[in-house]
Amino acid sequence: MLAMAGSQRRRSFNRALLRAALERIPEGVESREFDPSRLPFYDGDLEAAGDPDPVKELKEAVRAADLVLLVTPEYNGGLPAVLKNAVDWGSRPPRPQAWDGRPVAIMGATPGRLGTALAQRSLRESLAGLNARVMPQPRILLAGAGALFDGDLRLADEAIGQRLDKFMSAAAEWALRFR
Ligand code: FNR
């Protein structure tokens, strides 16, 4: 499993959610995290000169992943640029592009009220256009994230923990469908 969060902020709720998710993957399942802020901003001239190393790494990691877990903040009703940039680089040649046929699970957290609904919708739309197989249900939209994590940013809400367990089992089953 490849996991990416759209925030590298030291006290990011989304990275905290990603960490809580990684703690729930079954033993024996390999996981790795990719930091999308390592990617340069997409630029056709850079691409024409040959993919920079982090771009090569991203494309290879997406292609190789049995599941890609994306954890997104919401910025101004949409996707943070850093995560959209990873989607964009992955969508580029060689064909088939990296997202084609890849199973993806999406979740997100915000201190706000709407649980990243708009960012998740936008991410789903982009990935659907790239023929990624985005798990439709269950969904994790964490609103009021400030109250759900403790001072060490560990998930402190039992009900959410149970939903995350179900989400991760469903994601594992989803991934199996596309093996
Ligand atoms: C935000 N935030 C935000 N929250 C939300 O629920 N909907 C939104 O549209 C926005 N818009 C927005 C724009 C910008 C530029 C920033 C910096 C922030 C608040 C956001 O959810 C909050 O900062 C989160 O804590 C960001 O995620 P991490 O870094 O905690 O993972």
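What you see below is based on every heavy atom in this structure, not just the backbone, and it leaves out hydrogens, waters and symmetry mates.
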Are any side-chain N or O atoms of [X] and backbone N or O atoms of [Y], one a donor and one an acceptor, separated by less than 3.5 Å?
X	Y	answer
Arg24	Ala20	yes
Asp152	Arg154	no
Trp174	Arg133	yes
Arg124	Met135	yes
Lys59	Pro54	no

Next item on the list: Kindly determine whether Lys84 and Asp88 satisfy salt bridge (charged side-chain N to carboxylate O under 4.0 Å, His left out), including the steps that lead there.
Entry: CA-CA 6 Å; Lys84 181 60 163 48; Asp88 293 341; 3.0 Å; yes

Residue pair [X] / [Y], side-chain heavy-atom distance below 4.5 Å:
X	Y	value
Leu123	Val87	yes
Trp89	Pro40	yes
Leu83	Tyr75	no
Phe13	Leu153	yes
Leu18	Glu33	yes
Met168	Met1	yes

Out of curiosity, [X] [atom1] to [Y] [atom2], how far, rounded to the nearest 0.5 Å?
X	Y	atom1	atom2	answer
Leu155	Asp157	CG	CG	6.5 Å
Leu127	Arg102	CG	CZ	12.5 Å
Asp53	Arg38	CG	CZ	9.0 Å
Glu74	Thr110	CD	OG1	6.5 Å
Thr72	Leu17	OG1	CG	11.0 Å
Arg139	Thr116	CZ	OG1	10.5 Å

Shortest non-hydrogen contact from [X] toward [Y]:
X	Y	answer
Gly108	Val71	CA-CG1, 4.5 Å
Arg63	Pro94	NH2-O, 3.4 Å
Met4	Ala86	SD-CB, 4.0 Å
Ala65	Leu2	CB-CB, 3.8 Å
Ala16	Phe149	CB-CE2, 3.7 Å
Gly101	Phe178	O-CB, 4.4 Å

Next item on the list: Apply salt bridge (charged side-chain N to carboxylate O under 4.0 Å, His left out) to the pair Glu57 and Arg32, showing each step before the final yes or no.
Entry: CA-CA 12 Å; Glu57 210 185 298; Arg32 63 169 290 200; 3.2 Å; yes

Is atom [atom1] of [X] surrounded by more than 12 heavy atoms (other residues, nucleotides or ligands) closer than 6.0 Å?
X	atom1	value
Leu46	CG	yes
Arg121	CZ	no
Arg9	CZ	yes
Gln137	CD	yes
Arg179	CZ	no

Notebook entry, point to check: Is there a side chain to side chain contact (heavy atoms under 4.5 Å, CB included) between Arg15 and Gln8 once you walk through the steps?
Noted result: CA-CA 7 Å; Arg15 287 207 60 225; Gln8 298 306 311; 3.6 Å; yes

Next item on the list: Please assess Leu58 against Leu39 for the test side chain to side chain contact (heavy atoms under 4.5 Å, CB included), listing each intermediate value before the final yes or no.
Entry: CA-CA 9 Å; Leu58 170 80; Leu39 300 166; 4.0 Å; yes

Does one hydrophobic cluster hold both [X] and [Y], with members joined at side-chain heavy-atom distances below 4.5 Å?
X	Y	value
Leu164	Val104	no
Val62	Ile106	yes
Phe34	Val82	no
Phe167	Ile160	yes

Margin query: As a quick check of understanding, evaluate side chain to side chain contact (heavy atoms under 4.5 Å, CB included) for Arg19 and Glu23, giving each step before the final call.
Written below: CA-CA 6 Å; Arg19 191 174 65 178; Glu23 281 168 3; 4.2 Å; yes

Next item on the list: Determine, step by step, whether Leu130 and Asp100 satisfy the side chain to side chain contact (heavy atoms under 4.5 Å, CB included) criterion, reporting the C-alpha distance in whole Å, the side-chain angles of both residues, the deciding distance to 0.1 Å, and the verdict.
Entry: CA-CA 6 Å; Leu130 295 170; Asp100 191 13; over 6 Å; no

Item checked: Test log, rule salt bridge (charged side-chain N to carboxylate O under 4.0 Å, His left out), inputs Lys56 and Asp51 -> CA-CA 6 Å; Lys56 283 189 200 144; Asp51 281 348; over 6 Å; no

Notebook entry, point to check: Could you go step by step and tell me if Ser12 and Asn14 meet the side-chain hydrogen bond (donor to acceptor under 3.5 Å, both in side chains) rule?
Noted result: CA-CA 5 Å; Ser12 161; Asn14 286 280; 4.7 Å; no

